[in-house]
Each structure stands twice: as structure tokens, then as C-alpha cells.
Amino acid sequence: MTADDRQVVRTRYAPSPTGPQHIGGIRSALFGWLFARRHGGQFILRIEDTDQKRFVPGSVEMIQDAFDWLGMDIDEGPEQGGPFGPYIQSQRLELYQTWAHWLVEQGRAYKCFATAEELAQMRAAGQGYDRRYRDLDPADVKRLEAAGKDYVIRFKMPLQGKTSGQDMIRGEVTFDNEQLQDAVLLKSDGFPTYHLAHIVDDHHMEISHITRAVEWLPSFPLHLKIWEALGWRKPQFAHLPVLLNPNGKGKLSKRKGRFAAADGASVPVLVHEFIGAGYLPAAVLNFLTNIGWNFGEEREVFSMSEASARFDLRDVNPANSAYPIAKLDWLNSQYIQSADVDFLASSLKPALQGAGYKVDEARLRRVAPILQVRLKTLNDVIAMAGFFFEDWDCFQPPAAKILFQKKMDDRGTKQVLEAAIPIIEGLADFSHESQYAAFKQLAKEIGFKNGQVFGTLRAAVTGQRVSPPTFETMEILGKAESIRRIKLARDALA
RNA sequence: GGCCCCUUCGUCUAGCGGCCUAGGAUGCCACCCUUUCAAGGUGGAGACACGGGUUCGAGUCCCGUAGGGGCUACCA
């Protein structure tokens with residue numbers, strides 16, 4: 001047993017509060033969360049608000065709401081607290097300052113007095129910061145400080161040699177130290193940069209595995225050197241692949257509609273957009289887990305508890321992937337199909353209400369079962385079954401062109417509708433089975449095909465050409481309402 | 001430009017040297033079922049980027065090329 005095996009697994013998601021929660025961040029968080037759950041460890045939420053300019057009020061709530069909706073439980077964080085708090089970096093400033101200055105004292109970092117203008121010049125000249133303050137005479141440092149000059153603290157990156165580290169997903173990665181810059185650790189406003197802050201926190205919060213997106217891979221050697229300079233035991237690292245736009249070009253954009261999917265439609269990327277589009281949290285989680293990781297057994301549909309029982313960061317595919325959003329519709333329909341009726345009904349309710357329908361819950365529970373195999377998203381209930389919730393005053397008689405079935409005209413249609421009324425009235429048993437038998441008989445008698453008769457009734461009663469099965473629909477609508485609608489349709493004909 | 005990472009059907013993936021005439025899923029097409037739409041069933045088209053090695057044997061290992069992605073801030 002190695003030391004690592006004994007360690008408690010603690011992973012974290014450390015977003016910047018810059019707005020609504022993006023699905024890419026959730027995907028990264030999800031892998032860390034799954035890994036923690038797999039090992040019975042903890043998953044921590046830490047807010048990295050060290051850039052005051054980018055802070056967007058309300059972000060922390062939006063992030064927490066996203067996790068709540070998805071059912072990804074957080075063990076420690078701003079809302080839930082924990083033994084290593086506070087979990088918001090702006091409340092831990094002193095800690096970072098202490099360690100930044102400690103590094104200066106150790107000779108591993110230095111104060112840099114370069115002004116914005118100087119920096120701009122260096123950038124214009126080609127390469128980045130030229131380390132002009134790295135070996136400044138201590139007396140000069142003192143003089144500049146006494147003169148009240150602003151400074152940042154920069155890390156002294158080794159000037160030559162190589163740095164390599166182990167990435168759980170892709171193995172060893174090696175970098176030339178010459179390529180790295182003397183990164184800023186502490187900004188002139190006293191706030192730390194990500195480079196310093198995350199290391200100080202991950203150490204103090206006893207994070208065992210750092211899971212973060214691949215864009216951090218280039219600064220991996222910098223971080224490794226900082227960990228070493230601080231003399232702390234390093235955690236393990238996993239640089240996760242990222243989501244690319246559906247066409248495979250570029251990182252998945254921050255905002256909906258910024259790029260076109262193959263069919264020109266925009267796709268959901270913000271968590272609240274998934275909610276608004278009518279997706280189930282379990283389906284979204286399942287969808288995300290299938291990208292870059294595979295459940296095995298050639299199984300695509302599984303719960304998070306099943307996934308976490310076998311999840312391993314080492315099995316994550318290192319390649320970035322195009323956002324396979326089309327699969328979410330399929331997955332969502334799978335979840336809807338296998339959903340418990342009460343759960344489905346209560347999930348459907350907000351969609352209906354959002355569209356302005358008054359929802360009769362008892363009726364919704366009866367409608368839900370016949371909708372299950374027909375919905376891709378919760379919102380589809382509006383187009384498919386909104387007519388169930390239009391009451392006596394609202395239901396509009398369908399136009400003739402909707403009523404007319406193949407090879408049927410005004411007369412035939414009217415004939416079917418007229419005949420239907422006494423049939424329905426005479427049915428002692430109004431189940432869909434007996435309706436089916438009765439109308440099949442009618443079709444035979446008047447010489448129309450089943451589809452023509454059934455279709456006419458469907459259109460009359462639902463006002464739609466596409467709907468749930470006609471007789472099950474009428475069964476739920478009830479005799480009186482069915483007849484009323486059929487009469488409305490009949491009267492709408494010339 | 002420099003550095004780093006990545007590369008299996010359109011897309012998401014399985015494959016960790018022989019089990020691969022490359023499997024699953026989605027999407028697409030066809031047929032069956034069928035009162036519409038779905039669902040379901042059956043079948044079909046569809047991939048190891050390219051070039052060199054290593055090896056008895058390579059989708060699997062190595063190198064190069066090409067392509068893609070990322071980083072290159074007092075942003076994360």
C-alpha cells in the first residue's frame with residue numbers, strides 16, 4: 001500500500017464567479033465529483049474571486065443552484081461550510097499574502113516594480129516579461145518600496161532544465177523551463193493570481209486530486225515548481241479534456257447562439273438553458289458522463305450511482321470532443337420513457353404552466369402515460385398535449401383543412417362526425433378499447449378506412465394532426481367534452 | 001510564431017500487440033408493426049488522418065508529417 005492509497009480523496013470545483021454556470025464547467029466538476037464519490041471522499045466547491053474586475057453579483061448563487069438542480073451534492077463550500085473554510089478566496093487574502101512574502105524571503109520569488117507601460121513595451125517588443133526586476137539589488141528594492149512604488153510578486157522560475165509531471169489522464173508531460181515566464185503570484189492590489197491562490201488553497205484544504213480543464217496544462221510546470229518552493233506535498237493532477245463546439249471547431253462558446261450547430265440551430269450551454277429546454281437533470285448528467293468516459297458493457301444509459309461505482313480518472317479519454325448535443329434528446333427521451341408517472345407528471349407541470357395552461361393535476365397524471373414514448377423534452381408536452389388543458393371556453397374548433405383526411409371532403413368528414421356523436425353517447429363503456437371496436441365498425445359500415453375515421457376524430461378532438469392515440473385521448477377527455485369538441489368541429493364545416 | 005496536448009464511423013465512444021474481415025450508441029436510410037406521431041423490431045451505409053519504422057504480427061509501441069485544440073495577462 002502506497003501513501004496515496006491511504007489518503008482520503010478530496011476533489012474540488014473552483015470556478016470564478018463570472019456569471020451563469022456553463023455546462024463545460026459542470027463536465028469538469030462532474031468528473032471530480034464522480035471520482036470523490038467512487039472513493040468515498042469529499043467534493044468541495046471553492047469560489048475563486050480573485051479578479052475583482054470580472055466578478056458578477058449573483059454568480060455564486062447561480063453556481064450553487066446548478067449543482068442543486070443536477071443533484072450533485074457538495075460536501076464543503078460557501079453554502080455548506082466545512083472545516084477548511086472560508087471557501088471564497090476573497091476572504092482568505094491574508095493567507096496568500098503571507099505565503100507570497102514567505103517565498104520572497106526564501107528567495108524563490110521577488111518584487112517586480114514594472115509599470116503597465118513597461119509591460120506593454122515588452123509585449124510590443126516580442127517576448128513577454130524580461131525579468132528585469134528579478135535580480136534587483138536589495139537596496140534598490142527598499143528604495144522603490146520606500147518611494148511608494150506599486151509592485152507585484154513574481155515567481156522565480158528556473159532558467160534552464162526541464163520540468164515534468166504526472167498527469168493521470170495522459171501520463172508524463174515534460175516542459176522546458178526556459179519557455180516559462182516568471183508568473184505573477186500576488187498582484188499589486190494585494191490579490192493573488194490563480195497560480196498562487198489555488199495552490200495555497202488546495203494545500204490547506206487538503207485536496208488530494210486536482211481535476212481541471214486542459215487549458216491549465218501549459219502552466220502545470222509552473223505550478224509544480226511553486227508546490228516545490230512552498231515545500232508542500234503535491235496532490236495528483238488530472239487535466240480534463242474540454243468540450244468543443246458541435247462542429248468540432250473551437251472551445252464550446254460561453255453563450256448560446258454564438259455559433260451554429262450543423263443545422264444552424266443554437267444549442268444549450270448554460271445550465272439554466274437546459275432547465276428551460278425541458279431536460280431532466282439525470283439525463284444531462286448521463287449525457288455528460290458519456291463524453292470522454294465510457295461506462296462499459298456497451299451501456300449508454302446509467303445512473304450516477306452506477307457510474308460512480310466504477311469511475312476512474314485514469315480511464316478518461318484525453319482527446320477533446322465535439323459537443324454531441326443531439327444525443328441528449330435521445331437520452332432525455334429514454335429517461336422520460338422510464339420515468340415514474342407521478343414524477344413525470346410533476347416534471348411536466350411547470351412546462352405547461354410556463355406556456356400559460358391551467359393544469360389539472362389529476363388529468364395530467366392520466367395524460368402522462370400516453371405521452372411517455374412521445375416526448376423528447378418536457379417542453380414537447382405543450383405541442384403534443386396542450387389541448388388537454390384548454391377548458392370549455394378556450395378550445396377552438398379546428399379548421400377544415402386539419403379535419404380532412406386523405407381523400408376525404410366536406411361531406412365525408414361531416415358524415416363521420418355526425419355518426420360519431422350517437423356512437424359515443426351509446427357507449428356504456430367509454431374505454432379506448434370499446435371505442436376502437438365501435439369506430440372500427442363504423443368505418444366498415446360507411447366504407448372508410450380506419451385511418452380516415454380515426455384521423456377525423458383525432459383532428460376534431462385535439463385540433464391537431466399529430467397527437468396521442470385518439471381513443472385514449474377521448475377516454476381522458478371524457479364523453480361530454482369529446483362530444484362537445486366533435487360538435488364544434490362539425491359546426492365549423494360549411 | 002513559440003511551447004504543450006490530442007487524432008478510431010458525421011458525432012460520442014470500445015479497443016490498453018494476435019480475441020478486429022474494428023464492437024456499441026446516436027444521427028441517417030430501408031423494411032416490419034401501426035388510427036397520426038412516436039416507441040419497438042429487423043437490416044443497411046458509415047472509421048483506425050498520412051508516411052516511415054519496431055515486431056513473426058500494429059488500430060494498439062516509436063519517429064516524422066498533416067490536421068485539430070489549448071497556452072503564451074497584475075483573467076481564471
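Lettering of chains follows the sequences in order, A, B, ..., and the numbering in each one begins at 1. Any value given below was found using the heavy atoms of this structure, including those in side chains, with hydrogens, waters and symmetry copies removed.
For the side-chain contact (heavy atoms from CB on, under 4.5 Å) test, residues two or more places apart in sequence or in another chain that qualify with Pro369(A) are Val341(A).
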Residue pair Arg131(A), Gln181(A): steps toward the side-chain contact (heavy atoms from CB on, under 4.5 Å) verdict: CA-CA 8 Å; Arg131(A) 311 191 218 246; Gln181(A) 302 219 342; 5.8 Å; no
Residues Tyr335(A), Asn286(A); criterion side chain to side chain donor-acceptor pair (under 3.5 Å); working and verdict: CA-CA 10 Å; Tyr335(A) 276 83; Asn286(A) 195 153; 2.6 Å; yes
Worked check of ring-ring contact (aromatic ring centres under 6.0 Å, His included) between Phe155(A) and Tyr110(A): CA-CA 7 Å; Phe155(A) 186 66; Tyr110(A) 60 97; 9.3 Å; no
Trace of the ring-ring contact (aromatic ring centres under 6.0 Å, His included) decision for Tyr279(A) with Phe287(A): CA-CA 11 Å; Tyr279(A) 292 108; Phe287(A) 164 68; 8.3 Å; no
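Straight-line distance from the CG atom of Asn290(A) to the P atom of A14(B): 10 Å, rounded to whole Å. We find that CG of Asp182(A) is positioned 13 Å from P of A73(B), with the value rounded to whole Å. In this structure, Asn294(A) atom CG and C16(B) atom P are separated by 13 Å, rounded to whole Å. The CG-P distance, from Asp167(A) to C71(B), rounds to 16 Å in whole Å. In this structure, the CG atom of Leu222(A) is 12 Å from the C1' atom of U72(B), given to the nearest Å. Between the CZ atom of Phe155(A) and the P atom of A73(B) there is a distance of 18 Å, rounded to whole Å. Distance NE2 (His223(A)) to P (C71(B)): 13 Å, rounded to an integer number of Å. Between the P atom of C71(B) and the CH2 atom of Trp216(A) lies a distance of 9 Å, rounded to the nearest Å.
With His198(A) as reference, Arg212(A) is the one residue of His203(A), Arg212(A), Glu48(A), Arg46(A) to meet the side-chain hydrogen bond (donor to acceptor under 3.5 Å, both in side chains) rule. With Ser467(A) as the partner, the side-chain hydrogen bond (donor to acceptor under 3.5 Å, both in side chains) test is satisfied by one option alone out of Arg374(A), Glu472(A), Arg458(A): Arg458(A).
Contact annotation for Ala443(A): no contact, since no heavy-atom pair falls under 4.0 Å across all strands. Among the atoms of the strands shown, only primed sugar atoms or phosphate atoms (P, OP1, OP2) are found under 4.0 Å from some heavy atom of Arg154(A). Within 4.0 Å of Gly292(A), counting heavy atoms only, lie sugar-phosphate atoms of the nucleic acid but no base atom. Using a 4.0 Å heavy-atom distance criterion, Thr462(A) is classed as making no nucleic acid contact.
Searching all strands for a Watson-Crick or G-U wobble partner of C28(B) with both distances below 3.5 Å returns G44(B). The nucleotide G1(B) finds its pairing partner in U72(B), both defining distances of the Watson-Crick or G-U wobble pair being shorter than 3.5 Å. Pair assignment for A66(B): U7(B), on the basis of Watson-Crick or G-U wobble contacts that are both within less than 3.5 Å. Nucleotide C56(B) forms a Watson-Crick or G-U wobble pair with G18(B), both donor-acceptor distances falling under 3.5 Å.
Residue-to-nucleotide proximity on RNA chain B shows that, of Pro192(A) and Trp293(A), the 5′-proximal contact is made by Trp293(A). When the nearest nucleotides of RNA chain B are assigned to Ser16(A) and Phe287(A) by heavy-atom distance, the more 5′-ward of the two goes with Phe287(A).
Remark: Lys187(A) is in phosphate contact with C75(B), judged by side-chain N or O atoms under 4.0 Å from OP1 or OP2.
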For nucleotides 2-9 of chain B, give me every protein contact, N/O to N/O, under 3.5 Å, one pair per line with atom names.
{"unit_1": "G2(B)", "atom_1": "O2'", "unit_2": "Gln179(A)", "atom_2": "OE1", "d": "3.2"}
{"unit_1": "C5(B)", "atom_1": "O2'", "unit_2": "Arg170(A)", "atom_2": "NH1", "d": "3.0"}

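A salt bridge does not link Glu145(A) to Lys149(A): none of the charged side-chain nitrogens sits closer than 4.0 Å to a carboxylate oxygen. Arg314(A) and Asp312(A) are joined by a salt bridge, as a carboxylate oxygen and a charged side-chain nitrogen come within less than 4.0 angstrom of each other. Residues Arg310(A) and Glu297(A) are paired through a salt bridge, judged by an N-O separation under 4.0 Å between the basic side chain and the carboxylate.
The shortest side-chain heavy-atom distance between Ser333(A) and Thr377(A) does not fall under the 4.5 Å cut-off.
Only the C1' atoms considered, G27(B) is 14 Å distant from U13(B), to the nearest whole Å. Taking atom C1' on both A30(B) and U35(B), the two are 23 Å apart, rounded to the nearest angstrom. Taking atom P in both C63(B) and A73(B), one finds a spacing of 29 Å when rounded to whole Å. Here, U65(B) and G40(B) have their C1' atoms 49 Å apart, quoted to the whole Å. Annotation: A22(B) and G59(B) have their C1' atoms spaced 8 Å apart (nearest Å). G68(B) and A58(B) have their P atoms separated by 30 Å, given to the nearest Å. The same atom, C1', is picked in G24(B) and in U8(B); the two are 13 Å apart, to the nearest Å. Remark: the separation of the C1' atoms in A76(B) and A39(B) is 46 Å, to the nearest Å.
For Phe237(A) and Trp216(A), the gap between ring centers reaches or exceeds 6.0 Å.
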Contact letters for nucleotides 30-45 of chain B, in which S counts primed atoms plus P, OP1 and OP2 and B counts the base, heavy atoms under 4.0 Å: -----BBBBSS-----
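For Ile291(A), the side-chain atoms get nearest to C12(B) when compared with the rest of G68(B), A76(B), C12(B).
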